[in-house]
Amino acid sequence: MRIGYPCINRSVGCTASTTFRLASYSSVRLETCIRNNISCLRKILQFNAGNGLLFFRIPSGLVPFASHPICTYGWAGRFAKDFREIGRYIRENNMRISMHPDQFVLLNSTDEEVVLRSVSELKYHAKVLDLMRLGRDAKIQLHVGGVYGDKESALERFAERYARLPRQVRKRLVVENDGHLFSLSDCLKLHSLTGIPVLFDSFHHSLNNNGESMRNAILLAEATWAVQDGPLMCDYSSQQRGAKRGTHASTINLPDFAAFVSQAKGIELDIMLEIKDKEKSAIKAARLISEAKPGN
DNA sequence: AGTTGTCAAGCTAGT
DNA sequence: ACTAGCTTGACAACT
């Protein structure tokens, strides 16, 4: 079981997703920005390795404007060697990687333009992982998208468009249950239509479910992952005490986390902690896991 | 130096 | 009609 956190590390003193305004775009500006982001990504991965955190979500903003028409700069060639080195570091340390395109990526939109932009953005995400030469277990996670007034046809549109995606994208794409529209059972329906693996978000599941127990839900999601896809990926968060329902906790509640892990007993999975204090909570969780392991 | 309006992109639910 | 929320605030113009 690998433990990780998404995108931002507040200890290393840099971010791997610095950006700039479209209005001030230039290839020089972009190159500088990418160089800084890549260098920070290295630092974060080293920090993670040193702290037993082997699961990380690479921010979508690593290469700003990568899928925008303004970007004609050959960043993939220019930074090919850097991506390869980072990929080697990831593999040598047995790390797991995910990416999560932002809310504008909607495969099932009723607007064809939105779909086209979404596919470009997905290709960019796949390109980053391919440049790192990561295996098929490095995943791109997406929500189903909007309902557009009819959930069944929204699911069908996703399935149709998934089938037509380039292989490089399709082999990495996984779908995640969300907290108010598409539940685990909706995602499982999508899996039966397409074969797409289902990334299980435990917090979303607690907000939006069809009565499945936590353990049963984990088992159902786990069954959608083929061997080549790697172990089941899970997003984990807990409710901030006293805050509005759906608010992520500011720091990890270890007893809650231990209870979740016990629900997954005997199931191989990697867990990403969507908790506001990021690596701080992840380190606590990873320590809990390694102390619980016999022989450690 | 610190504050604040705005930033490529979409949709839903709550107010 | 407007805004918060979503995987993640930060850029850049202004005071």
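Since the structure is predicted, the reported quantities are computational estimates derived from the model, not experimental observations. Basis for what follows: all heavy atoms, side chains included, without hydrogens, waters or symmetry-related copies. Naming: A, B, ... by sequence-line order, numbering from 1 per chain.
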Colleague: Considering only the P atoms, how many Å lie between dT7(C) and dT3(B), rounded to the nearest integer?
Modeller: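 Those two atoms are separated by 30 Å.
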
Colleague: What contact category does Leu181(A) fall into here, base, sugar-phosphate, or nothing, at under 4.0 angstrom with non-hydrogen atoms?
Modeller: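 Sugar-phosphate, no base atom in range.
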
Colleague: If you compare all heavy atoms of Ile271(A) against all heavy atoms of Val261(A), which two are closest, and at what distance to 0.1 Å?
Modeller: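 Nearest pair, atom of Ile271(A) first, then Val261(A): CD1-CG2, 4.2 Å.
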
Colleague: Would you check if there is a donor-acceptor pair between the side chains of Asp277(A) and Thr251(A) at a distance under 3.5 Å?
Modeller: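 On atom types as modelled, these side chains qualify, holding a pair under 3.5 Å.
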
Colleague: I want to verify a distance call: between dA12(C), dA9(B), dT7(C), whose nearest atom is closest to the Arg29(A) side chain?
Modeller: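 When the side chain of Arg29(A) is considered, dA12(C) is the closest of dA12(C), dA9(B), dT7(C).
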
Colleague: Say we look at dA8(B) and dA13(C): how far apart would their P atoms be, to the nearest angstrom?
Modeller: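 Here dA8(B) and dA13(C) have their P atoms 12 Å from each other.
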
Colleague: Can you check the distance between dT3(C) and dC7(B), where both ends of the measurement are the P atom (answer in whole Å)?
Modeller: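 The same atom, P, in both gives a distance of 14 Å.
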
Colleague: Of the nucleotides dC11(C), dG10(B), dC6(C), which has the atom closest to the Leu106(A) side chain?
Modeller: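 Of the options given, the side chain of Leu106(A) lies nearest dG10(B).
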
Colleague: Please report the distance separating the P of dA12(C) from the corresponding atom of dA9(B), rounded so that it comes out in whole Å.
Modeller: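 Those two atoms are separated by 16 Å.
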
Colleague: Aromatic ring centroids of Tyr5(A) and Phe56(A) under 6.0 Å?
Modeller: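 Yes; Phe56(A) has its ring centre under 6.0 Å from that of Tyr5(A).
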
Colleague: Reading DNA chain C 5' to 3', what string of ( ), [ ], | and . shows its pairs, if Watson-Crick and G-U wobble pairs count only when both distances fall under 3.5 Å?
Modeller: ||||||..|||||||

Colleague: Can Arg172(A) and Asp137(A) be said to form a salt bridge (charged side-chain N to carboxylate O under 4.0 Å, His left out), step by step?
Modeller: CA-CA 7 Å; Arg172(A) 298 196 186 275; Asp137(A) 69 318; over 6 Å; no

Colleague: How long is the span from the CG atom in Leu22(A) to the CZ atom in Phe65(A), to the nearest 0.5 Å?
Modeller: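 Result: 5.0 Å between the selected atoms.
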
Colleague: Name the closest nucleotide to the Arg117(A) side chain, picking from dA12(C), dG10(B), dT7(C).
Modeller: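 The nucleotide sitting nearest to the side chain is dG10(B).
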
Colleague: Using a 4.0 Å heavy-atom cut-off, does Val147(A) contact any base of the nucleic acid, only the sugar-phosphate backbone, or nothing at all?
Modeller: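 Sugar-phosphate contact only - Val147(A) comes under 4.0 Å of backbone atoms but never of a base.
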
Colleague: Just to be sure I understand the rule, does Thr18(A) reach a base, reach only the sugar-phosphate, or reach nothing, if contact means heavy atoms closer than 4.0 Å?
Modeller: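 Sugar-phosphate contact only - Thr18(A) comes under 4.0 Å of backbone atoms but never of a base.
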
Colleague: Counting the atoms with a prime plus P, OP1 and OP2 as sugar-phosphate, which does Tyr148(A) contact under 4.0 Å by heavy atoms, base, sugar-phosphate, or nothing?
Modeller: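 Touches sugar-phosphate only.
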
Colleague: Any donor-acceptor pair, under 3.5 Å, between the side chain of Arg57(A) and the base of dT8(C), if you only look at N and O atoms?
Modeller: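 Absent.
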
Colleague: For a quick check of understanding: with a heavy-atom distance under 4.0 Å over all strands, which category does Ser109(A) fall into, base, sugar-phosphate or nothing?
Modeller: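 Sugar-phosphate contact only.
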
Colleague: Looking at every strand, decide which applies to Glu121(A) at a 4.0 Å heavy-atom threshold: base, sugar-phosphate, or nothing.
Modeller: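 Base contact.
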
Colleague: So Phe79(A) and Phe83(A), would you call those rings parallel, tilted or perpendicular, with 30° and 60° as cut-offs?
Modeller: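 Phe79(A) vs Phe83(A) ring planes: perpendicular.
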
Colleague: At 4.0 Å (heavy atoms only), tell me whether Gln103(A) reaches a base, stays on the sugar-phosphate, or touches nothing.
Modeller: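 The residue Gln103(A) makes base contact.
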
Colleague: Below 30° counts as parallel, above 60° as perpendicular, anything between as tilted: where do the rings of Phe20(A) and Tyr25(A) land?
Modeller: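 It falls in the tilted class, 30° to 60°.
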
Colleague: Of the nucleotides dT7(C), dA10(C), dT8(C), which has the atom closest to the His143(A) side chain?
Modeller: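 Shortest atom-to-atom distance from the side chain points to dT7(C).
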
Colleague: Aromatic rings His100(A) and His143(A): how do their planes relate, parallel, tilted or perpendicular, breaks at 30° and 60°?
Modeller: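 Aromatic pair His100(A)/His143(A) classed tilted.
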
Colleague: Using the P atom as the point on both nucleotides, what is the distance between dG9(C) and dG5(C), in whole Å?
Modeller: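 Approximately 13 Å lies between the P atom of dG5(C) and that of dG9(C).
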
Colleague: Considering every strand and a 4.0 Å limit on heavy-atom distances, what is the contact class for Lys276(A): base, sugar-phosphate, or nothing?
Modeller: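 Nothing, no nucleic acid heavy atom in range.
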
